[in-house]
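The next block holds one structure in the form of structure tokens; read it before the comments.
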Amino acid sequence: AEEREELTWELFGTASRDLAQAVADDGFEPDLILSIARGGLFVAGALGYALDVKNLHVMNVEFYTGVDQRLDLPVMLPPVPNVVDLTKKKVLVADDVADTGATLKLVRDFCADHVAEVRCAVVYEKPRSEVKCEYVWKHTDRWINFPWSVQAPVVRREGQVLDA
Ligand code: 5GP
């Protein structure tokens, strides 16, 4: 198999802390953090504590069905956040990785007409990403193993696709 980028739980602690520091050093003070489920929830939670932001929102976007297996387009799954909650806010979008960037573009465009400002923070960004994130911990062009999805689920569900 080709080389993978390996994020451990321990390294994630460092990465999320560094990412928060970059946001703070930049002087960006988000009113709310918009996480992209599910991987972005870990990042958003860590950033929320480090930046002292309690207002966390979630968007569900589905795009990947396996290693480098994608749907044609990312799709928003319900519940979709209420735009009233985002109106005129400074929003920090948090996700695990910008790969093609299509997911972040969808979220950015969703926010664009309503919010005061939207910026993106990701642990990893790949060179092909069509969205260039304001805050990136590390650039890579490899497939990344995240600690939350590297192991098979403890339950098996109908239609489930395994990572490894
Ligand atoms: P994009 O829309 O930028 O192509 O992909 C974003 C989403 O796809 C990520 O939030 C993540 O769930 C999944 N993804 C993309 N690249 C990788 C990768 O290298 N490893 C893993 N585990 N997931 C990825």
Side-chain angles (χ1 to χ4, degrees), residues 1-28 30 32-53 56-77 91-111 118-157 159-164:
E2 82 280 23
E3 282 277 339
R4 297 269 176 106
E5 187 79 39
E6 195 80 35
L7 186 70
T8 61
W9 281 115
E10 190 176 0
L11 200 53
F12 170 68
T14 304
S16 55
R17 187 77 190 178
D18 288 353
L19 207 48
Q21 191 68 61
V23 175
D25 289 350
D26 201 32
F28 187 56
L32 67 90
I33 297 175
L34 179 57
S35 67
I36 307 178
R38 291 167 289 172
L41 285 166
F42 298 95
V43 184
L47 290 177
Y49 274 108
L51 295 170
D52 199 22
V53 175
L56 301 199
H57 292 247
V58 183
M59 248 175 108
N60 284 293
V61 181
E62 182 154 280
F63 194 20
Y64 282 72
T65 54
V67 176
D68 263 322
Q69 296 295 306
R70 283 183 294 275
L71 307 171
D72 292 336
L73 285 169
V75 288
M76 247 186 260
L77 303 178
V91 177
L92 183 63
V93 176
D95 206 356
D96 47 5
V97 48
D99 188 322
T100 63
T103 300
L104 280 172
K105 186 168 188 307
L106 179 79
V107 173
R108 246 202 173 145
D109 291 351
F110 174 84
C111 291
V118 56
R119 297 191 190 180
C120 297
V122 291
V123 181
Y124 293 99
E125 186 178 274
K126 300 195 186 176
R128 65 176 170 182
S129 177
E130 62 178 316
V131 168
K132 299 301 170 199
C133 297
E134 284 79 1
Y135 310 106
V136 177
W137 181 66
K138 189 172 178 184
H139 291 86
T140 185
D141 56 5
R142 295 177 180 165
W143 185 263
I144 305 143
N145 284 342
F146 290 101
W148 42 85
S149 59
V150 73
Q151 297 186 81
V154 298
V155 293
R156 179 169 290 276
R157 297 176 71 188
Q160 184 176 287
V161 186
L162 294 182
D163 224 28

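These values consider heavy atoms only, across backbone and side chains, with no hydrogens, waters or symmetry-generated copies. These figures come from a predicted structure and were not determined experimentally.
Taking a 6.0 Å sphere around CD of E130, one finds it holds more than 12 heavy atoms contributed by other residues, nucleotides or ligands. In this structure, R17 places its CZ atom where only 12 or fewer heavy-atom neighbours from other residues, nucleotides or ligands lie under 6.0 Å away. Residue-environment remark: CG (D72) stays at or below the threshold of 12 foreign heavy atoms within 6.0 Å.
With contacts defined as side-chain heavy-atom distances shorter than 4.5 Å, the pair V123/K138 does not qualify. The shortest side-chain heavy-atom distance between V97 and V122 does not fall under the 4.5 Å cut-off. Contact of the D99 side chain with the Y124 side chain is not registered, since no non-hydrogen atoms from C-beta on lie closer than 4.5 Å. Between R70 and T100, the closest side-chain pair of non-hydrogen atoms falls below 4.5 Å. Residues Y135 and D25 have side chains not in contact (no heavy-atom distance under 4.5 Å, counting atoms from C-beta outward). For the pair F63 and L106, the minimum side-chain heavy-atom distance is 4.5 Å or more. Contact of the L104 side chain with the I36 side chain is registered, since non-hydrogen atoms from C-beta on lie closer than 4.5 Å. A heavy-atom distance below 4.5 Å is found between the side chains of V150 and E6.
The structure places NZ of K105 at 10.5 Å from CG of L73, a figure rounded to the nearest 0.5 Å. A distance of 10.5 Å separates CE of M76 from OG1 of T103, quoted to the nearest 0.5 Å. For the atom pair SG of C111 and CE of M59, the computed distance is 6.5 Å after rounding to the nearest 0.5 Å. The CZ atom of R108 lies 10.0 Å from the CZ atom of R119; values are rounded to the nearest 0.5 Å. Remark: L7 CG to D96 CG distance equals 9.5 Å, nearest 0.5 Å. Distance check, rounded to the nearest 0.5 Å: CG of L51 to CD of Q21 gives 9.0 Å.
Of all the heavy atoms in V131 and G101, the pair that sits closest is CG2-O, 3.7 Å. Smallest separation of non-hydrogen atoms from S16 and L47: O-CD2, 3.8 Å. Heavy-atom minimum distance, A50 versus A20: CB-CB, 3.4 Å. Of all heavy-atom pairs spanning T8 and L11, the tightest one is OG1-N, 3.0 Å. In terms of heavy atoms, A44 sits closest to L56 at O-CD1, 4.0 Å.
Aromatic ring orientation, W148 versus F42: parallel (interplanar angle below 30°, classes split at 30° and 60°).
The main-chain N or O of D95 is never found under 3.5 Å from a side-chain atom of S35 such that the two would form a donor-acceptor pair. Between the E134 side chain and the C120 main chain, a donor and an acceptor come within less than 3.5 Å of each other. Under a 3.5 Å cut-off, the side chain of K126 and the backbone N or O of R142 do form a donor-acceptor pair.
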